[in-house]
Every structure is written in structure tokens, then in C-alpha cells.
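These notes are about the structure you will find just below.
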Amino acid sequence: SLDDQSIMLSYNLAEDSGKLIAQTSSKTFFFHIEDGSSVIQANISTLRSSMDLGSAFNFEAAHNLYEILFKPIEPLLSDVKNIYLYGSDLENLPFGVLLSNYSELEDISSDYEKLLQSHWLIESYSFARIFPLSNNRLNSEYDHKFLGLANPDSFKILGLPSLPNAEEEIRQIALASKSYSQNSLLTNSNASKKNLRAKLSESYERVVFSTHSLPPNWNGITSESSLVLSDEMGDYLLTATEIVNMDFRSDMIVLSSCNTEIKGSDSLYKAFLVAGTNSVMYSNWELETLSASKITDKVFKSMLFDDAPKHIALQNASIQLMNDYSNRDYAHPGFWGNFSIAYRNL
């Protein structure tokens, strides 16, 4: 399924070294990685810590990871625009936030100027993850264009902050999906597991969850990662196991949810792939809701007006937000680099 502008990368890391398999449309290449998983994960941890909103970005860690993981394959990439990352290794690393020109930044004193002068990988390549969790054929026909769930009324009971932009976000995405119907927008008490199950008797091309996600063992309430919804009798949490046992005959699930970095939270987006959706767009760290809504809105408008594939639409949206000078904070990768795309098949 690869075309001449695409390449598939598969990383396999051991404690002291690793290997990288690069697959083009016609050839397979093997590369040795000199650094092992402990060095790489230490750099990833440092990088992710600098994604906290208001933190100074760690340019050195972003460049170290570029040197270790990406620079060796650059001779293969002269015509490549799309990079697919196969399997689970390095799934906690959004490759688009890596940078290639650290040496040129060292003499710049202002962090903001460094952000503006950095050469980010997202500017040259789109990235998507491939999790081959099902051999079933991809969904292609749908009963409806859109279903959105936002701002369930259980936040206050659970002691979670409200998401003030959530309802407007799903309305804008519904418009960009050419589908605006109040029946397709489930908010407050209507954003419930009961209503979701009833809706899934039919298929939806796009389903958006604009809510909180919780890690395993959150406050001792659930042993699994979960999405917060509303329902009767205190059944607020949609767990990964419940998702797997649902039937999502959709093209795309969007998890525009306040995420966490606690281990195990990544099982949510994989659960939707197992449940049958073609793809999932998900966040990598804690969301800032205004920029998140800008990203999702731009993604769907790029798909609508430019007919862009999902991973290219996400690349376009990230670059647009990065270059949105109405708010200088948007230059920070914590804002524009948060979302990733995962497919279950090409």
C-alpha cells in the first residue's frame, strides 16, 4: 500500500542498542541504533516533561532523539513526505516535535526566538502510527456523518474541571463534517454511555469525544483507563474493555480529551482500533482546550476543503497553529505537537 512518497519505520529497541527497519514501496533497509532503550527513554522523559504548558522546551533532548532515531535514515527521504511508524515501540514519542538544527540555536538567548528558528520534523513530514490489530476490511460506508459527545455532567461529581470549549468544539467539527444536527450532539446529561450504545446501532463516519480521560486506578475507582461520560446510577466511566466490546463502524474517532501521562492511558485509543474504527486521533499529554479545539477544527476543515488524508490534515493543522502569531505560546510544541494519528491498517 505504500506509494513513492511514503515510508514505513519499525523500531526494535534493546537495553544497549536497537535496530530500525525502513520499508519503501520497493525495498527494505536495516539500520543499527547505537543507543539503547534506557538512553532513548531518558531523553523522551526529559522531552515530555518540557511539554507542560508554561515550561521551557528542552531543545537538546528533541535534537538528541532526532540524531539517534531519525538522522540515519535521512538519505532515504529525499522524495518522502509521509512516515508511518509501525507497532508499539516509541509510541510515547511524537516524532513531529523533534528538531534537526540544534547547533544553530545555541547562540540564541531567547527561547521564543529558538522556537521560531527551529527546524521541526513536522514541517517536512506527516507522521502516523500503524497498529495492525485487525485484518478486517476497512469501513467505507456510513449511516451518518458525525456523532459528538462533550461536557458530560458528571465532572463536578468526580471533582474534575469543566471543559469550557468542548461543546463549541464538537459543533464546529460537525459543521466541518457537513453534518449539523442536534441529534448528533450529545452534551451534559445526554453524553451518556446509554445514549452512546443506542447510537451505535447505526454507523458514523466520525465520532468525537470531548471529555476527560482517566488513567488506570484513578482515585481507586477503576482498574482501567477510561473516558468520562454521564449515566444513571453513577456509571460514569467508559473503560477500555467496554470500548473493545462495542461496534465502532467508523472512519475516525477523535479523543479530544484531557489526557494524562500515567502508564496505561494509551490503551484507550488502541481499544477503539480493536473495536473496529479505521483510525483514531488522540492527545499525547495534558490538553490546553482552546488550542486543542483549534487543532481539531483545522484538521477537519483541511479534510473537507483540501481533501487531505487524515495524517496530512493533522500536519497542516499543526503547522498552522505553530505559525499563529495571535498567541506567541502557540510556537511551543506543547500546543501544536499534542495530537497523533493511529491507523489499524493502510
Side-chain angles (χ1 to χ4, degrees), residues 9 11 13 15 18 20 33 35-71 83 85 87-102 105 111-112 114-115 118-123 125-129 131 212-218 225 255-270 280-292 295-296 311 314-315 317-319 321-322 329-342:
L9 305 181
Y11 290 89
L13 302 177
E15 181 64 27
L20 166 59
I33 298 175
D35 292 285
S37 59
S38 57
V39 171
I40 291 169
Q41 289 299 331
N43 275 282
I44 293 175
S45 178
T46 299
L47 178 65
R48 290 180 66 97
S49 295
S50 72
M51 294 299 179
D52 291 340
L53 305 183
S55 298
F57 181 72
N58 196 301
F59 297 90
E60 184 176 9
H63 182 72
N64 289 344
L65 291 164
Y66 158 78
E67 290 277 345
I68 296 169
L69 299 170
F70 201 82
K71 188 176 181 180
I83 295 177
L85 303 162
S88 295
D89 268 317
L90 298 174
E91 63 185 314
N92 60 342
L93 174 62
F95 274 67
V97 306
L98 304 187
L99 60 93
S100 60
N101 65 328
Y102 180 65
L105 307 177
D111 277 358
Y112 180 62
K114 285 183 180 180
L115 292 170
S118 293
H119 295 168
W120 308 104
L121 292 190
I122 195 68
E123 295 177 287
Y125 310 102
S126 72
F127 292 90
R129 294 198 169 271
F131 290 100
H212 284 283
S213 64
L214 302 177
N217 303 312
W218 183 82
S225 53
L255 299 180
S256 184
S257 54
C258 273
N259 205 354
T260 131
E261 300 190 36
I262 296 177
K263 188 174 181 180
S265 299
D266 57 359
S267 61
L268 277 176
Y269 69 84
K270 293 178 186 176
V280 181
M281 189 170 92
Y282 60 95
S283 57
N284 292 291
W285 46 76
E286 192 73 20
L287 283 171
E288 188 278 323
T289 56
L290 181 58
S291 62
I295 286 277
T296 53
H311 51 282
L314 179 56
Q315 178 193 21
S318 300
I319 293 171
L321 188 65
M322 177 198 308
D329 288 343
Y330 291 160
H332 193 294
F335 291 88
W336 55 259
N338 196 336
F339 282 102
S340 293
I341 291 278

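Predicted model only: the values in this text are computed from it and were never measured.
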Could you check if a side-chain atom of [X] sits within less than 4.5 angstrom of a side-chain atom of [Y], using non-hydrogen atoms only?
| X | Y | result |
| --- | --- | --- |
| Leu98 | Leu47 | yes |
| Leu90 | Phe95 | yes |
| Phe131 | Tyr269 | yes |

I'd like to know if the side chain of [X] and the backbone of [Y] have a donor-acceptor N/O pair within less than 3.5 Å.
| X | Y | answer |
| --- | --- | --- |
| His311 | Phe127 | no |
| Gln315 | Ile122 | yes |
| Thr46 | Ala42 | yes |
| Trp336 | Ala331 | yes |
| Trp285 | Gly334 | yes |
| Asn43 | Leu65 | no |
| Tyr11 | Leu69 | yes |
| Ser283 | Ser256 | no |

Verdict with reasoning, Phe339 to Thr296, per side chain to side chain contact (heavy atoms under 4.5 Å, CB included)
CA-CA 9 Å; Phe339 282 102; Thr296 53; 4.1 Å; yes
Those residues that, when tested against Ser340, pass side chain to side chain donor-acceptor pair (under 3.5 Å) (two or more places apart)
Asn284
Quiz item: cation-pi between Lys114 and Phe57, 6.0 Å / 45°:
no
Sequence neighbours excluded, which residues qualify as salt bridge (charged side-chain N to carboxylate O under 4.0 Å, His left out) partners of Glu67?
Lys71
